[in-house]
Structures are given as structure tokens and as C-alpha cells.
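Notes to accompany the following structure.
Owing to the predicted nature of the structure, the values given are computational and were not obtained by experimental measurement.
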Amino acid sequence: RVSVPVGVTTGAWAEPDPALRLARVRGWTALPDHASVNWHEPGAEELAAALMERGVGVEAGIWSGTDAAARFAASPLGPRVLRVLAEVTDTDGRTAVTTAHALLAELGAAFGRPVLLHGEDGGAWPVLRLAQRLGLATRIGLEDTLCLPDGRRALSNAELVSQATVRRG
């Protein structure tokens, strides 16, 4: 039997009301191994604390273009998160890498926590390649982009992953 860690989102798109989102998390009867908390969203600190109290690991979602990195840097919970999910929301393939560098600079040492760097849409592939060059964890999937590096539409997550693992010269 193989053990696979299970993670879930707590993003505002799942429940827009911060108080209701917190109540729902407190009411979970089956707990995931970890949950992502977007630090720029209202109630993030309280939500992360509630998850930690329940023994659920927290992945800190730090989005570019928000005050999340500054809020995270000031958080007493920062040293206790499992990892930082550095999310580059700049979808322009020509500028996403610059945005990624700026986000990583804002994060600084990120309390010494591991960092997973990823982009979305047109920025997904340039940011993925940057993460690979920097030796950071990264991700790719249909949530991030529907297209392969050459612009063709991906048929599956497997096809995206296959392209992500191709070594470039």
C-alpha cells in the first residue's frame, strides 16, 4: 500500500466568505495532509492557524502582485508552514520571469521553508523553466496552462508533465 499525501485548497473561490470558510475548515471530519492558504485573502492568518491546530499542514500561497509576501514575512506562522507556493500571476510569457524574480526577492529566505514556484497561462512555461534552473520545486497541469510549450493545446496533464520533464539544452 502506497501512501500519497492529499492536499486541498482553501481559496476564496471555494468559499468567498472568510468567516464561513473558517467555520467549514473547523467542521471538517476527514482531514487532508495539507491545505493551501492564499496569504493575500482576508482571514488567511486565522485560517492557517486553525488548520495547524487541527494537525493539517499549511502550504502558504503567495501571489505576485499582492501584499501576500509582506503579510507572510510578518506572520508568526511563517516558520511553521510546510512550504511556500510562489504563484506568478503574470500571464505574459515575456515578463513572467521578471515577475517571478521579483516575487522570490520579496519572499527572501521565506523562513527557510521549501519554495514551489509556478506560473499560469502564458507565463507557465517560462516560470517552470526558471524554477528548474534555480533548483526549485515546480508544478504543471491543466490548472496552470492548457497549452504545450509550442502553443498547441495539451490533451492531458500527462502530456504537460511529459513536456515539463524534457531536458532542454
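- N157 places a side-chain N or O within 3.5 Å of a backbone atom of L142 that can act as its donor or acceptor partner.
- If you chain together ILVMFWY residues whose side-chain heavy atoms come under 4.5 Å of each other, W63 ends up grouped with W13.
- In this structure, G93 and P126 approach most closely via the heavy-atom pair O-CG, 3.8 Å.
- Side chain of T91 to main chain of E120: no donor-acceptor pair is present (N/O by atom type, distance under 3.5 Å, no hydrogens or angles).
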Could you walk me through whether L104 and L134 pass the side-chain contact (heavy atoms from CB on, under 4.5 Å) check? CA-CA 11 Å; L104 292 171; L134 296 176; 3.7 Å; yes
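- Checking side-chain atoms of R54 against main-chain N and O of W28 turns up a donor-acceptor pair under 3.5 Å.
- Closest heavy-atom contact between P79 and P76: CD-O, 3.4 Å.
- Using a 4.5 Å heavy-atom cutoff, the side chains of V58 and W39 are in contact.
- Counting heavy atoms from C-beta outward, P18 and E46 have side chains that stay 4.5 Å or more apart.
- Not a single donor-acceptor pair under 3.5 Å links the side chain of T9 to the backbone N or O of S36.
- Minimum interatomic distance between L117 and A131 (heavy atoms only, all atoms of both residues): O-CB, 3.9 Å.
- Residues L130 and L136 fall within the same hydrophobic cluster, defined by Ile, Leu, Val, Met, Phe, Trp and Tyr side chains chained together at heavy-atom separations under 4.5 Å.
- Closest of all the heavy-atom pairs between G78 and R113 is O-CG, 3.6 Å.
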Would you sort out whether E106 and I62 count as a side-chain contact (heavy atoms from CB on, under 4.5 Å), showing the intermediate values? CA-CA 10 Å; E106 283 182 76; I62 311 298; over 6 Å; no
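- Although no hydrogens or angles enter the test, the distance criterion places a donor-acceptor pair under 3.5 Å between the side chain of R71 and the main chain of H40.
- A donor-acceptor distance shorter than 3.5 angstrom exists from the side chain of D17 to the backbone of A19, with no hydrogens or angles considered.
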Apply side-chain contact (heavy atoms from CB on, under 4.5 Å) to V25 and E15, showing your working. CA-CA 10 Å; V25 164; E15 173 52 63; over 6 Å; no
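- Cluster partners of L85, using a side-chain heavy-atom cutoff of under 4.5 Å among ILVMFWY residues and allowing indirect links, are L116.
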Using the side-chain contact (heavy atoms from CB on, under 4.5 Å) rule, take E59 and L82 through it: C-alpha gap first, then chi angles, then the decisive distance, then the call. CA-CA 6 Å; E59 179 180 67; L82 291 177; 5.5 Å; no
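- A continuous path of hydrophobic side-chain contacts links V127 to L107 [ILVMFWY only; heavy atoms under 4.5 Å].
- Put simply, V97 and L103 are part of the same group of oily side chains (I, L, V, M, F, W, Y) that touch within less than 4.5 Å, one to the next.
- Judged purely by atom type and a 3.5 angstrom limit, E41 uses its side chain to pair as donor or acceptor with the backbone of A12.
- One hydrophobic cluster holds both L31 and L22 under the rule that ILVMFWY side chains link at heavy-atom gaps under 4.5 Å.
- Checking side-chain atoms of W125 against main-chain N and O of T145 turns up no donor-acceptor pair under 3.5 Å.
- L51 pairs in a side-chain contact (heavy atoms from CB on, under 4.5 Å) with only one of the listed residues (V81, V37, L77), which is V37.
- One N or O on the side chain of D33 and one on the backbone of V6 form a donor-acceptor pair closer than 3.5 Å.
- Residues meeting the side chain to side chain donor-acceptor pair (under 3.5 Å) test with E143, sequence neighbours left out: R139.
- Here the closest non-hydrogen pair linking D144 and G119 is CB-O, 3.6 Å.
- With 3.5 Å as the limit, one finds a donor-acceptor pair spanning the side chains of D90 and T99.
- Nearest heavy-atom pair, F111 versus A73, reported as atom, atom and distance to 0.1 Å: CZ-O, 3.4 Å.
- Q132 and T138 share no side-chain donor-acceptor pair at under 3.5 Å.
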